[in-house]
Amino acid sequence: MTSKFWLVKSEPAEFSFDDLVTSPGRTTCWDGVRNYQARNFMRDGMRKGELVLFYHSNADPAAVVGVARIVREAYPDPTAFDASDPHFDPRSRAEAPTWVMVDLQAVERFTHAVALDALRKVKGLEKMALLQRGSRLSVQPVTSGEFALVRGLGQPEPV
DNA sequence: GCCAACGTTGGC
DNA sequence: GCCAACGTTGGC
């Protein structure tokens with residue numbers, strides 16, 4: 001059973017939803033993921049066309065702020081090969097890349113960002129991975145029901 | 001800035 | 001394989 005919906009975290013000081021919207025083609029490569037579980041979700045789960053909640057972590061407030069779409073499935077993350085990059089990983093070799101990335105395109109902006117404390121109050125989101133104690137995964141699956149609830153609260157408009 | 005929770009590393 | 005030390009995440 002593969003998830004059809006996802007959530008990604010980004011610190012807006014590093015890369016915000018606005019940064020995605022203003023990127024060429026409203027698209028960016030989701031590089032720099034260095035967690036195996038998150039990597040596996042990208043490599044084994046994410047498929048072209050699936051939708052992604054875009055979450056601002058380390059933000060005030062931390063909140064889901066929009067929706068993106070997967071426009072390219074997993075391919076090698078070149079920042080792992082670049083010794084000058086903060087995400088450099090000498091164990092990742094070009095012949096057998098350890099780390100992958102997908103391409104995400106902005107689809108909708110929430111006119112009402114859905115803050116973390118608001119999410120915690122929503123009946124039906126109790127099991128959402130983001131809300132679990134100690135949850136730190138930067139790429140995580142979301143059920144269709146969870147996605148619909150959050151998207152509804154966000155009152156999205158096309159970007 | 002604090003610190004709890006978690007993932008990774010490395011000695012043994 | 002165990003587990004203590006360490007680094008990172010991310011809410012507050």
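Remember, predicted model here, so these are calculated numbers, not experimental data. Order of the sequence lines sets the chain letters (A, B, ...), proteins ahead of strands, with each chain counted from 1.
The list of salt bridge (Lys or Arg N to Asp or Glu O under 4.0 Å) pairs with a residue in residues 140-159 of chain A, not counting sequence neighbours, reads A:E108-A:R151. Listed by first and then second residue, the ring-ring contact (aromatic ring centres under 6.0 Å, His included) pairs that reach into residues 30-68 of chain A are A:W6-A:F41, A:F17-A:F54, A:W30-A:F54, A:Y36-A:W99, A:F54-A:H56, sequence neighbours excluded. Sorted by first and then second residue, the pairs that involve residues 88-107 of chain A and meet salt bridge (Lys or Arg N to Asp or Glu O under 4.0 Å), not counting sequence neighbours, are A:D89-A:R91, A:R93-A:E95.
Rounded to whole Å, atom P of C:dC12 lies 11 Å from atom CG of A:L119. C:dG11 atom C1' lies 8 Å from atom CZ of A:R120, rounded to whole Å.
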Side-chain donor-acceptor contacts of residues 110-128 of chain A below 3.5 Å, not counting sequence neighbours, with atom names and distances?
from	atom 1	to	atom 2	distance (Å)
A:T111	OG1	A:Q155	O	2.6
A:R120	NH1	A:L131	O	3.2
A:E126	OE1	A:G124	N	2.9
A:E126	OE2	A:G124	N	3.3

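The salt bridge (charged side-chain N to carboxylate O under 4.0 Å, His left out) test applied to A:D85 returns no partner, not counting sequence neighbours.
A:R91 comes within 4.0 angstrom of sugar-phosphate atoms only, judged by non-hydrogen atoms across all strands, and of no base.
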Nucleotide N/O to protein N/O under 3.5 Å, stretch nucleotides 6-9 of chain C:
from	atom 1	to	atom 2	distance (Å)
C:dT8	O2	A:R136	NH1	3.1

